[in-house]
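This report refers to the structure that appears directly beneath it.
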Amino acid sequence: MMAAIDREESQKSESPSTRKNEGAICSTSSRNYSKPDSNNQLSFSDVRVAAYGQWEYIHTALGVKIISTDYRKHTACCGCGGKDRFRVMADYGNTGKWFCGGGGDQQSGDGFSLLGHVFGWDSKQQLKAVADVLGLSQMDNKERDKIRAIAEKQSAQMALDAQRKHEQARRDYNIKTIAEDLIDAIKHREYLQRQTNKVDGRYVFRPSIDEIALVKELITHSIESYGEYLKPEVNHA
């Protein structure tokens, strides 16, 4: 009975840095992010704005050992330890994005989630650690409001960009569908022409009304979709 109690007390006193996925202590700081502060008022979108373009510095400061920041190079994983399964993405410096083959169990994410992959931190721990590195935790409310305003503006712009991308995809799909219908119509006319040539080689099938209508529709949708990119530049000089 006493031995069981001793083991239990030993487990309770064990350092978090020695237990996998239970919160790691940053190698360059005495702060233990396994117990993040509860007074951090900044959200992920707020901190993400401040972290943009600084992820190499953030990860280095927190003890994440990335062998190469060349997105074309596969290296050992700083999280799972695989020898040739990890690489950063092309926009790593801005977003912290990464990829790990994981021996068949593929994982990827942004700069925050890499902290979870390496140290086993949950989302609150990741947020607190990055905020601390950037000095955001010591900001007053006025400074936080500035960052929050930028984050809200960025989120609104991202939503607008996503809407535009969706609309462009819809237009492109329409053009693709019309073009395929036009090709089918032309192939059908060519088939009829081949069949007729067997009887009278002098007879030629002209484009049908449907083909002409499809050509007009294709041109109309193409102008609608890409017309803004074809506008001539205006010289204001």
Side-chain angles (χ1 to χ4, degrees), residues 14-139 144 147-148 150-155 157-159 161-162:
E14 185 181 358
S15 171
S17 62
T18 62
R19 294 201 302 269
K20 183 176 179 59
N21 296 333
E22 292 187 19
I25 297 178
C26 172
S27 62
T28 58
S29 170
S30 60
R31 295 298 301 274
N32 184 359
Y33 294 109
S34 64
K35 295 181 179 180
D37 296 341
S38 59
N39 60 355
N40 181 27
Q41 300 175 7
L42 292 170
S43 66
F44 268 101
S45 59
D46 300 331
V47 178
R48 186 174 286 110
V49 169
Y52 188 84
Q54 301 193 66
W55 280 107
E56 185 176 354
Y57 160 73
I58 293 169
H59 285 152
T60 299
L62 289 172
V64 177
K65 298 179 181 179
I66 295 178
I67 297 175
S68 174
T69 56
D70 184 350
Y71 70 92
R72 294 163 296 188
K73 186 174 181 179
H74 290 250
T75 68
C77 181
C78 47
C80 66
K83 294 183 179 180
D84 188 27
R85 60 177 59 168
F86 180 86
R87 65 184 172 90
V88 299
M89 307 305 285
D91 58 347
Y92 165 74
N94 292 331
T95 65
K97 288 184 178 179
W98 57 280
F99 173 86
C100 175
D105 181 19
Q106 297 181 355
Q107 300 179 59
S108 62
D110 61 6
F112 292 101
S113 64
L114 182 57
L115 298 176
H117 185 62
V118 174
F119 299 123
W121 292 344
D122 61 23
S123 58
K124 291 182 179 179
Q125 294 167 300
Q126 298 162 21
L127 179 63
K128 179 58 180 170
V130 175
D132 278 357
V133 169
L134 296 175
L136 304 180
S137 299
Q138 289 74 41
M139 284 185 172
R144 284 187 176 131
I147 292 181
R148 189 168 291 111
I150 296 174
E152 290 175 353
K153 184 177 180 181
Q154 186 182 70
S155 297
Q157 184 61 48
M158 290 175 62
D161 291 342

So do the side chains of [X] and [Y] get within less than 4.5 Å of each other, counting heavy atoms only?
X: Ser108; Y: Cys100; answer: no
X: Val130; Y: Leu115; answer: yes
X: Glu56; Y: Thr69; answer: yes
X: His74; Y: Phe86; answer: no
X: Leu136; Y: Val47; answer: yes
X: Lys97; Y: Val88; answer: no

What's the separation between atom [atom1] in [X] and atom [atom2] in [Y], rounded to the nearest 0.5 Å?
X: Arg48; Y: Leu127; atom1: CZ; atom2: CG; value: 9.5 Å
X: Asp70; Y: Tyr92; atom1: CG; atom2: OH; value: 13.0 Å
X: Thr60; Y: Trp55; atom1: OG1; atom2: CH2; value: 12.0 Å
X: Ile58; Y: Phe112; atom1: CD1; atom2: CZ; value: 7.0 Å
X: His117; Y: Gln107; atom1: NE2; atom2: CD; value: 5.0 Å
X: Lys83; Y: Arg85; atom1: NZ; atom2: CZ; value: 10.5 Å

Main chain of [Y], side chain of [X]: is a donor-acceptor contact present, judged purely on distance under 3.5 Å?
X: Asp110; Y: Ser113; answer: yes
X: His59; Y: Gly111; answer: yes
X: Gln106; Y: Phe99; answer: no
X: Asp122; Y: Gln125; answer: yes
X: Asp46; Y: Ser43; answer: yes

Does Thr75 form a side-chain contact (heavy atoms from CB on, under 4.5 Å) with Asp84? I'd like the steps, not just the answer. CA-CA 5 Å; Thr75 68; Asp84 188 27; 6.0 Å; no
Of all the heavy-atom pairs spanning Val64 and Cys78, show the shortest one and how long it is.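 What the structure gives for the nearest pair is CG1-SG, 3.8 Å.
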Would you please indicate if the ring centroids of Tyr71 and Trp98 are separated by under 6.0 Å?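 That pair fails the under 6.0 Å test.
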Check whether more than 12 heavy atoms from other residues, nucleotides or ligands sit under 6.0 Å from atom OH of Tyr52, and answer yes or no.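 No, the 6.0 Å shell around OH holds no more than 12 heavy atoms from other groups.
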